[in-house]
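Okay, so here's the structure we're looking at.
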Amino acid sequence: MDNLASQASGNDPDLPIENDSPGEGQEKVTDKRAPHPVDKADRILTVDMVRGFAVLGILLMNIPFFGIDGSVIDTVIRGSHKTADFRTMAAIFTFFDGTMRGLFSMLFGAGMILFMLNKVETPGGVTVVEYYYRRLLWLVFFGLINAFIFLWPGDILFYYGLCGMLLYPFRKTRAKWLIVIGIGFLSIGVFKMMLWYNETKTTRAGYLVAVTAEKAKIKLTEKQKEAKASWEEIEKNQRPDTSRVNRNLRKMHSGYGTIFNYFVPRNANFETWGMYHGIWDMIGMMFIGMGLFTLGFFSNRLSTSTYAMWLLAGYGLGIPIGYIYFSKGIVGSIDFGPYLDAYSVPHWVLYDLRRLFLCIGHASLLLLVYRSRIVPWLMKILASVGQMAFTNYLMQSIICTLFFYGYGSDNYNKLKYHQLYYVVGAVWIFQMIFSPLWLKYFRFGPFEWVWRSLTYGRKQLRN
């Protein structure tokens, strides 16, 4: 950690000491020794900048889940590949799928280190570790608010709060081991995917044997009957169900109470299922983010040639892998049975590899643009968005649910796939104007203020 401490105390005016994550508030307190949010002068601009880019980019992947029924994805993939819808989908999945959440997770991991850095405990007071876990418990609470009050089924704050609790014991681990641990967690996700895939292939093989036996007028065994029924259920779930689609549309065009009751069991299932099956990539990226920050990657401490090399490697490998992942793994598996028959290993195993390369490529590009000073105004705006990342993330839920759901403007499933990204653009413009304007008068965003006040057990100063 010595190298990290020396980075944080550098004299570069553009690279002050770092902040909390997702976004950080500041307060001037009487006792400077007590743990407290960092001052405005103590922020690393580049970390806020990358975080701002990530929180805006998250909406690229979230918008279909806000605005359309899942059957639309199936329709686009099965339709003409020359439409605006398909081309938009190809671009999003190739360049951005999972990468913005990946960057956000990396910076969350870096924020764990930064939260602990430069905080001095006072005798008899609340310890830094207590503040750390209190902060995460409140984040879990905000995740539940996002899922069950703002009614966003794709919330990540709940997972981040719980996953973050595992990071504390590794706060002083060397960078290379943090990255190794992160890759290990990503590998667990791949391993679990392969277990499921092989099990499904076995079910498919049993089904094919049963069908062959039926055609030969051979009586099926109980095991063959079970395999046939299991596969038919899987196949049924792979196809759009007209009755389910109609029910979903009917519910989503209803009032808040109806949608709330509709979402409660579904969101509860997502939160619990995700904690067992879907957290490995989040934890993995958090550890990798801790390692990269310790090395100085996000704090703009590496050489220009290093960032250029990572840009070329990230995009040079990530983009081709991303295209293969989309064209073979997403489009190719739309007819699931033949896909299982054709491939022993699914293309989905490329998911974390491509997103890791693309995350590093995206961040490297941003840092190179920042160093070039081509568009300093844009970098400053992104930093403001990142400083208010917590508010902006929750704001996206509020804006999109009000725009799409029945209790708001009731636009659910009324736009084509590519038209959803007009909404994304509008939200981006609003948040890129709102964030710097808000920070001109206040030290931190409204949700950051609430979060910090709850964490530190005292009302934070607004300016």
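Note that this is a predicted model, so its numbers are computed, not measured.
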Would you find a donor on one side and an acceptor on the other, under 3.5 Å apart, between the side chain of Y132 and the backbone of M112? no
Distance alone, cut at 3.5 Å: any donor-acceptor contact between the side chains of S303 and T306? yes
Closest non-hydrogen contact found for Y421 with P64 is OH-CG, 3.8 Å
Show your working on side chain to side chain contact (heavy atoms under 4.5 Å, CB included) between L45 and M379 and close with a plain yes or no. CA-CA 9 Å; L45 180 63; M379 300 298 102; 5.9 Å; no
Check: N411 side chain, F403 main-chain N or O, donor-acceptor pair, under 3.5 Å: yes
Assess whether ring pair (Phe, Tyr, Trp, His ring centres under 6.0 Å) is satisfied between F447 and Y393, documenting all intermediate values. CA-CA 10 Å; F447 281 109; Y393 176 74; over 10 Å; no
Beyond-backbone contact of N62 with C400, side-chain heavy atoms, under 4.5 angstrom: no
Check against side chain to side chain contact (heavy atoms under 4.5 Å, CB included), M106 and L356: CA-CA 10 Å; M106 286 181 176; L356 183 56; 3.6 Å; yes
Exercise: identify the closest heavy-atom pair between L415 and I68: O-CG2, 3.8 Å
Nearest heavy atoms of L366 and V50, plus distance in Å: CD1-CA, 4.0 Å
Min side-chain heavy-atom separation F390-L139 under 4.5 Å: yes
Ring pair (Phe, Tyr, Trp, His ring centres under 6.0 Å), paired with F66, selected from F150, W152, Y412: W152
Value rounded to 0.5 Å, distance of CZ in R244 from CG in L249: 8.0 Å
Tell me yes or no: between the side chains of T258 and Y407, is some donor less than 3.5 Å from an acceptor? no
Shortest non-hydrogen contact from I259 to K251? CG1-O, 3.3 Å
Could you check Y343, Y325, Y339 and say which one makes a ring pair (Phe, Tyr, Trp, His ring centres under 6.0 Å) with W348? Y339
Nearest 0.5 Å please: distance from the OH atom of Y262 over to the CZ atom of R250. 9.0 Å
Return yes when atom NZ of K414 has more than 12 non-hydrogen atoms of other residues, nucleotides or ligands closer than 6.0 Å, and no otherwise. yes
With no hydrogens and no angle check, do the side chains of Y256 and N261 hold a donor and an acceptor under 3.5 Å apart? no
Taking atom types as modelled and ignoring hydrogens, do the side chains of D241 and S243 form a donor-acceptor contact shorter than 3.5 angstrom? yes
Test your reading of the model: is there a side-chain donor-acceptor pair from Y405 to the backbone of H253, 3.5 Å cut-off? no
State, yes or no, whether a side-chain contact exists between L365 and W310 at a heavy-atom distance under 4.5 Å. no
Between F326 and F86, does the ring centre distance come in under 6.0 Å? yes
Could you tell me whether K223 and E226 have a side-chain N and a carboxylate O separated by less than 4.0 Å? no
Does a side chain donor of either Q224 or E214 reach within less than 3.5 Å of an acceptor in the other side chain? no
Check: H362 ring centroid to F96 ring centroid under 6.0 Å: yes
Does R266 count as lying over the ring of F263, i.e. NZ or CZ under 6.0 Å from the six-ring centre, within 45 degrees of the axis? yes
Where the side chain of R355 meets the backbone of T99, is there a donor-acceptor pair that is under 3.5 Å apart? no
Check: D281/Y351 side-chain N/O donor and acceptor closer than 3.5 Å: no
Determine, step by step, whether E232 and K236 satisfy the salt bridge (charged side-chain N to carboxylate O under 4.0 Å, His left out) criterion, reporting the C-alpha distance in whole Å, the side-chain angles of both residues, the deciding distance to 0.1 Å, and the verdict. CA-CA 6 Å; E232 288 174 345; K236 177 182 176 182; over 6 Å; no
Side chain to side chain contact (heavy atoms under 4.5 Å, CB included) assessment of T455 paired with Y133: CA-CA 9 Å; T455 296; Y133 281 102; over 6 Å; no
Side chains of L178 and I288 in contact at under 4.5 Å (non-hydrogen atoms): no
Could you tell me if the side chain of N146 sits less than 4.5 Å from the side chain of F142, heavy atoms only? no
Checking Y417 against I73 for the side chain to side chain contact (heavy atoms under 4.5 Å, CB included) test, could you report, in this order, the C-alpha distance in whole Å, the side-chain angles of both residues, the deciding distance, and whether it holds? CA-CA 8 Å; Y417 182 87; I73 306 294; 3.6 Å; yes
How far does CG of D352 sit from CD1 of I188, to the nearest 0.5 angstrom? 11.5 Å
Decide yes or no for L368 and T304: does some side-chain heavy atom of the first lie under 4.5 Å from some side-chain heavy atom of the second? yes
How close do G291 and A175 get, counting heavy atoms only, and between which atoms? O-CB, 3.6 Å
Check: Y207 side chain, T202 main-chain N or O, donor-acceptor pair, under 3.5 Å: no
So which heavy atom on M286 is nearest to which on G164, and how close? SD-N, 4.5 Å
Around K416, counting heavy atoms of other residues, nucleotides and ligands shown, do more than 12 lie under 6.0 Å from its NZ? no
Presence of salt bridge, R452 and E448, under 4.0 angstrom: no
Would you tell me whether D69 and N413 have side-chain atoms, one donor and one acceptor, within less than 3.5 Å of each other? no
If you measure from CG on L114 to CE on M290, what distance do you get to the nearest 0.5 Å? 10.0 Å
Counting only heavy atoms not in W196, do more than 12 fall under 6.0 Å of its CH2? yes
4.5 Å side-chain heavy-atom contact, D341 and L208: yes
Do K328 and L350 have side chains that get closer than 4.5 Å, going by heavy atoms? no
L353 CG to I321 CD1 distance, which is reported to the nearest 0.5 Å: 4.0 Å
Check for me whether R135 meets the cation-pi criterion with F115, that is, NZ or CZ under 6.0 Å from the six-membered ring centre and within 45 degrees of the ring axis. yes
Got a donor-acceptor contact below 3.5 angstrom from the N237 side chain to the E233 backbone? yes
Rounding to 0.5 Å, atoms CG (L56) and CG (N392) come to a distance of 7.0 Å
Relative to Y168, does R171 satisfy both conditions: NZ or CZ under 6.0 angstrom from the six-membered ring centre, and within 45 degrees of the ring's axis? yes
Could you walk me through whether R239 and D335 pass the salt bridge (charged side-chain N to carboxylate O under 4.0 Å, His left out) test, one step at a time? CA-CA 9 Å; R239 296 191 302 264; D335 292 317; over 6 Å; no
N/O donor-acceptor pair under 3.5 Å between Q238 side chain and I334 backbone: no
Donor-acceptor pair, T391 side chain versus M388 backbone, under 3.5 Å? no
Under 3.5 Å, is there a donor-acceptor pair between the side chain of K215 and the main chain of V211? no
Between R101 and G57, is there a donor-acceptor pair closer than 3.5 Å when you use the side chain of the first and the backbone of the second? no
